[in-house]
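This chain uses plain numbering: 1 for the first residue, then up along the sequence.
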Amino acid sequence: MHFTPEDLNRTRIAEGADPLWETVLSLHRLRESRTEPALAAWRQHAARHGPGPLRLLLPLVPPRGYFPDFLTPAAGSTGVEPGLEAVMTTPRRRLRTDIGMLAGQAHRPGHGQHAAPTSWMRSLADGEPAALRTLARSLRTYHHTALGPAWPLVGQRVEADRTLRLHALRQDGTEAMLRTFGPEMRWRRPVLEVGYPRDGDLHLEGRGLLLVPSYFCSHPVSFVDTELPPVLVYPAAPLAEAAPERVAGASGRAGAGHAEGLRLRTYGSGALRGFQTRFGSLTGTRF
């Protein structure tokens, strides 16, 4: 990600956990094969309470690769319902473009484990109101049943991370804050190198960047459409690490040289620490 001085001035941290980003990214975590008790407990809870919504949502969010940009609109930052309203009013052109990209990916190895219901997906791409209402209802139900019980925990982790980043921002400025993210997000003025599933360059061109800490994110993720307002979602630091005093060392180290663009990698796995305290030490099954 290439920054200008104006982009540095316009870079900001999200106000809190984004319900739709957390909802969508949790669908990746749902299909991980890791066996930590906390992850197994949450997976079993989600499968038990959300089988109906999952039949529609899993095809939209494959375990690897692309998922539609329209599932995580900016309005979601203010709450579930404003976000779902934005999803339901997505322009038809955007729907067709995003669903078309998803359909093209489904034929590649490793991306077609959950075949999309063809007629419903076609109706969604055409912007039919009934299909959009069904999508919104599925997202709402899954969010409330699968994520709702632990949402305070999600918010606590995200808020702790925000405190970490904002401390560096207020003390030493944007560049210092950008140096607090660790190996997957490396600041080498004027470029932020980000671990991501594909190679590419994003020139912010004065638009700034919205940084969104996420509980369910395991590796940084952004929109595929570079014309959308720039957003970078990243894993929120574990509570033990999200302390302002830990910032000093990281924010004080200057980046060395200029980057040569983004070096992007595939999604990895991430632990969902904390759900065990909400759901108990249950044994989950693999999806």
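- Using modelled atom types and a 3.5 Å distance limit, the side chains of Asp126 and Ser123 yield no donor-acceptor pair.
- A donor-acceptor distance shorter than 3.5 angstrom exists from the side chain of Thr163 to the backbone of Glu159, with no hydrogens or angles considered.
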Quiz item: How far apart are the C-alpha atoms of Phe216 and Val154, what are their side-chain angles, what is the distance that settles it, and do they pass the side chain to side chain contact (heavy atoms under 4.5 Å, CB included) test?
Solution: CA-CA 8 Å; Phe216 283 97; Val154 172; 4.1 Å; yes

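- Put simply, the side chain of Arg12 gets close to the backbone of Arg10: a donor and an acceptor are under 3.5 Å apart.
- Between Leu204 and Pro230, the shortest heavy-atom distance links the atoms CD2-CB, 3.6 Å.
- Closest heavy-atom contact between Pro220 and Pro235: N-CD, 4.2 Å.
- For the atom pair Glu193 CD and Glu184 CD, the distance stands at 12.5 Å (nearest 0.5 Å).
- The minimum heavy-atom distance between His219 and Cys217, with the atom names listed, is O-SG, 2.9 Å.
- In summary, the aromatic rings of His203 and Phe3 are positioned with their centroids too far apart to meet the 6.0 Å limit.
- Between Leu95 and Gly127, the shortest heavy-atom distance links the atoms CD1-CA, 3.6 Å.
- Glu22 and Ser214 are linked by a side-chain donor-acceptor pair at a separation below 3.5 angstrom, with hydrogens and angles left out of the test.
- Leu30 places a side-chain heavy atom less than 4.5 Å from the side chain of Leu54.
- Panel note: side chain Thr174, backbone Leu8; a donor-acceptor pair is recorded below 3.5 Å.
- The main-chain N or O of Leu139 is never found under 3.5 Å from a side-chain atom of His144 such that the two would form a donor-acceptor pair.
- A side-chain donor-acceptor contact under 3.5 Å links Asp98 to the backbone of Asp69.
- Between Arg162 and Glu15 a salt bridge is recorded (basic side-chain N to carboxylate O distance below 4.0 Å).
- Panel note: side chain Asp7, backbone Arg207; a donor-acceptor pair is recorded below 3.5 Å.
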Practice problem: Tell me, with the steps shown, if Val233 and Asp18 meet side chain to side chain contact (heavy atoms under 4.5 Å, CB included). | Solution: CA-CA 10 Å; Val233 183; Asp18 187 303; over 6 Å; no

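- The backbone N or O of Glu6 sits nowhere less than 3.5 Å from a side-chain atom of Asn9 that would complete a donor-acceptor pair.
- Going from atom CZ of Phe223 over to atom CG of Leu232 covers 11.0 Å, rounded to the nearest 0.5 Å.
- Ionic pairing of Arg122 and Glu128 is not present here: no N-O contact between side-chain nitrogen and carboxylate oxygen is shorter than 4.0 angstrom.
- Aromatic pair Trp21/Tyr234: centroids not less than 6.0 angstrom apart.
- Counting heavy atoms of neighbouring residues, nucleotides and ligands inside a 6.0 Å radius, atom CZ of Arg170 does not exceed 12 of them.
- Looking at Arg165, its side chain never comes within 3.5 Å of a backbone N or O of Met177 through a donor-acceptor pair.
- By the 4.5 Å heavy-atom criterion applied to side chains, Leu25 and Thr72 are not counted as neighbours.
- For Asp161 (side chain) and Pro213 (main-chain N/O), no donor-acceptor pair under 3.5 Å exists by modelled atom type.
- Judged by distance alone, with hydrogens and angles left aside, the side-chain atoms of Thr97 form no donor-acceptor pair with the main-chain N or O of Arg94 at under 3.5 Å.
- The minimum heavy-atom distance between Leu102 and Pro68, with the atom names listed, is CD2-CG, 4.2 Å.
- Across all their heavy atoms, Ser138 and Leu56 have their closest contact at OG-CD1, 3.5 Å.
- For the pair Val87/Leu20, a side-chain contact is recorded, criterion being any heavy-atom separation below 4.5 Å from C-beta on.
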Exercise. List the steps and the verdict of side chain to side chain contact (heavy atoms under 4.5 Å, CB included) for Leu132 and Thr89.
Key: CA-CA 8 Å; Leu132 287 163; Thr89 56; over 6 Å; no

